[in-house]
Amino acid sequence: MANRIVTLDEFIIKRQNDFSYATGELTGLLRDIGVAAKIVNREVNRAGLVNILGIHGAENSSGESVQKLDMYANDKLIECLSNSGECCGIASEENEDFVPLKAVASKNASYVVLFDPLDGSSNIDVNVSVGTIFSIYRRVSPETGECSLEDFLQKGVEQVAAGYVIYGTSTILVYTTGNGVNGFTLDPSIGEFCLSHRNIQIPKTGQYYSINQGYYSKFDLEMRRYIDNCSDENLRLRYIGTMVADIHRILFQGGIFLYPNTRKYPNGKLRLLYECNPMSFIVEQAGGKAIDCRLKRILDIKPQELHMRSSIVIGSPQMVDEMKAFVEKYSANPAFS
Ligand code: AHG
Ligand code: MN
Ligand code: MN
């Protein structure tokens with residue numbers, strides 16, 4: 001007998017009792033993010049029609065200005081979260097500062113949501129997968145007033161939920177609330193995310209490494225040696241240039257993704273709050289590991305500012321451990337090969 005379809009909304013409600021403070025607020029919040037994801041998905045799917053609908057920045061035939069997709073996604077997420085009444089503020093890769101949200105029906109909201117509305121935006125014009133990443137924290141400031149910066153500058157380990165959406169050959173939403181990782185595929189015919197990947201476990205090791213090897217000469221010496229080693233071990237290189245898509249592959253097939261510090265980005269390029277923390281929470285929840293190039297666990301880094309960058313090494317637990325051991329050994333004795 002075929003399995004009964006379980007929709008995202010149904011699943012979230014069933015899992016509500018998993019939280020120590022099961023008040024239904026987080027449930028509503030996740031549902032709202034699911035709605036925003038569907039709206040962004042619709043627009044991403046139409047991206048190829050840009051010449052018909054109007055080029056970004058120009059006016060379309062109705063005289064409305066056409067937004068860049070990352071701004072469109074940003075606005076939709078903010079809109080959906082503003083209406084939810086569960087979110088007291090957001091911070092986004094696309095906004096310089098955090099945005100406090102007004103209380104709905106004078107209810108004090110307990111959560112802040114941080115996101116990268118469109119990840120891999122350089123891929124959008126060439127029909128390659130892009131994504132959305134989100135991260136949710138319980139506020140630490142008093143619930144009576146507006147949210148404050150300290151609500152957003154919490155360590156990744158404090159996340160209560162995180163997830164991503166990949167707009168790929170199928171649109172898939174993957175999320176965790178700290179009790180395993182589950183994936184939902186959008187069925188466009190019914191407009192619902194349906195449970196398709198239950199309790200995702202990352203393979204202990206794998207065949208893939210994923211890094212922008214074009215920057216090879218700009219990496220630190222031990223990183224260059226590690227990359228040489230990946231090649232010596234006949235690992236397969238895959239690099240899409242959309243973090244969500246590269247890590248999605250690794251989550252299912254095993255491997256390691258690295259974005260090290262380079263000469264151009266001495267602290268790495270990816271954003272700690274919008275990219276590294278949520279992806280690290282998900283990967284750890286699936287049994288993987290995530291550290292920076294100084295070999296510190298990503299989720300333990302105390303954020304200094306909203307747009308702080310970090311290097312990252314993330315993926316199958318054995319492969320991250322091996323990378324760490326390799327760098328430790330190499331740094332202790334740079335002469336070894
Ligand atoms: P965004 O589109 O949100 O700015 O993120 C792009 C990020 C990430 O998705 C990807 O892994 C990385 O940039 C690619 O950077 P390089 O082109 O430097 O490899
Ligand atoms: Mn990004
Ligand atoms: Mn982005």
Side-chain angles (χ1 to χ4, degrees), residues 33 36-37 39-41 43-44 47 56 67-78 90-96 98-99 113-135 156 162-168 172 174 208-220 223-224 227 230 237-251 255-283 290 292-293 298 303 306-315:
I33 293 173
I39 299 173
V40 174
N41 176 65
E43 222 51 32
V44 166
H56 305 313
Q67 276 185 311
K68 275 188 73 181
L69 261 174
D70 16 25
M71 286 318 289
Y72 179 87
N74 198 42
D75 289 355
K76 285 298 153 201
L77 274 158
I78 296 177
I90 64 98
S92 159
E93 190 192 75
E94 298 297 337
N95 291 84
E96 196 158 325
F98 65 89
V99 182
V113 182
L114 294 78
F115 47 84
D116 176 357
L118 206 74
D119 178 56
S121 39
S122 68
N123 280 329
I124 191 76
D125 291 336
V126 285
N127 208 17
V128 174
S129 298
V130 290
T132 294
I133 313 175
F134 63 90
S135 165
Y164 65 80
V165 185
I166 173 166
Y167 311 99
I172 300 185
V174 173
Y208 295 108
Y209 74 115
S210 184
I211 184 168
N212 190 335
Q213 204 152 333
Y215 302 147
Y216 181 85
S217 64
K218 281 114 188 153
F219 295 146
D220 293 344
M223 186 51 67
R224 298 207 294 267
I227 304 297
C230 289
L237 173 64
R238 294 285 186 278
Y239 193 72
I240 297 167
T242 297
M243 182 200 202
V244 163
D246 282 312
I247 295 183
H248 186 74
R249 177 204 312 281
I250 285 167
L251 194 58
I256 189 165
F257 172 92
L258 308 98
Y259 204 113
N261 44 296
T262 62
R263 255 178 257 150
K264 185 173 171 195
Y265 294 111
N267 298 316
K269 175 187 176 191
L270 299 174
R271 316 285 177 144
L272 178 62
L273 300 188
Y274 315 115
E275 296 172 317
C276 300
N277 271 340
M279 296 311 283
S280 299
F281 186 28
I282 296 162
V283 166
D292 68 5
C293 284
I298 294 283
L306 285 177
H307 295 281
M308 182 174 166
R309 295 173 193 270
S310 173
S311 56
I312 188 166
V313 178
I314 181 169

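Both counts, for ligands and for their atoms, begin at 1 and track the order of listing.
For the residue pair Thr132 / Tyr167, a side-chain donor-acceptor distance below 3.5 Å is found, with atom types taken as modelled. In this structure, a donor-acceptor pair under 3.5 Å is present between the side chains of Ser92 and Asn74.
With contacts defined as side-chain heavy-atom distances shorter than 4.5 Å, the pair Tyr72/Leu118 does not qualify.
Within the protein, the N, O or S atoms sitting under 2.8 Å from the Mn ion (ligand 2) are Asp116 OD2, Asp119 OD1, Glu275 OE2.
Near Glu275, with a cut-off below 4.0 Å to any heavy atom, the atoms of ligand 1 are 3 (O), 5 (O). Annotation for ligand 1: atoms under 4.0 Å from non-hydrogen atoms of Gly241 are 9 (O), 10 (C), 14 (C). Residue Leu118 approaches ligand 1 through these ligand atoms, each under 4.0 Å from one of its heavy atoms: 2 (O), 3 (O). Remark: ligand 1 atoms within the under-4.0 Å shell around heavy atoms of Asp116 are 3 (O). The distance from ligand 1 to the heavy atoms of Ser121 drops below 4.0 Å at these ligand atoms: 2 (O). Close approach to Met243 involves these atoms of ligand 1, each under 4.0 Å from a residue heavy atom: 8 (C), 9 (O), 10 (C), 11 (O). Near Gly120, meaning under 4.0 Å from one of its heavy atoms, ligand 1 places the atoms 1 (P), 2 (O), 3 (O), 5 (O), 6 (C), 9 (O).
The shortest heavy-atom contact between Glu93 and Arg271 is OE2-CG, 4.1 Å.
Using a non-hydrogen distance threshold of 4.0 Å, Arg271 does not register as a contact of ligand 1. Residue contacts with ligand 1 include Tyr259, since one of its heavy atoms falls under 4.0 Å from the ligand. Heavy-atom separations between Asn123 and ligand 1 are all 4.0 Å or longer.
Considering only non-hydrogen protein atoms, atom 12 (C) of ligand 1 sits nearest to Lys269 NZ, 3.7 Å.
Within the 4.0 Å heavy-atom criterion, the part of Leu270 lying near ligand 1 is the side chain and not the backbone. Under 4.0 angstrom from ligand 1, the non-hydrogen atoms of Thr242 all belong to its backbone.
By the 30° and 60° cut-offs, the orientation of the rings of Phe257 relative to Tyr239 is parallel.
Once rounded to the nearest 0.5 Å, the distance linking CG of Asn41 with CD1 of Ile172 reads 11.5 Å. Atom-to-atom distance recorded for Asn267:CG and Leu272:CG is 11.0 Å, nearest 0.5 angstrom. Separation of atoms CD (Glu94) and OH (Tyr274) is listed at 10.0 Å; rounding is to 0.5 Å. Going from atom OG of Ser310 over to atom CD of Glu275 covers 10.5 Å, rounded to the nearest 0.5 Å.
Taking the centre and axis of the six-membered ring of Tyr265, the NZ or CZ atom of Arg309 falls outside the cone set by 45° and 6.0 Å.
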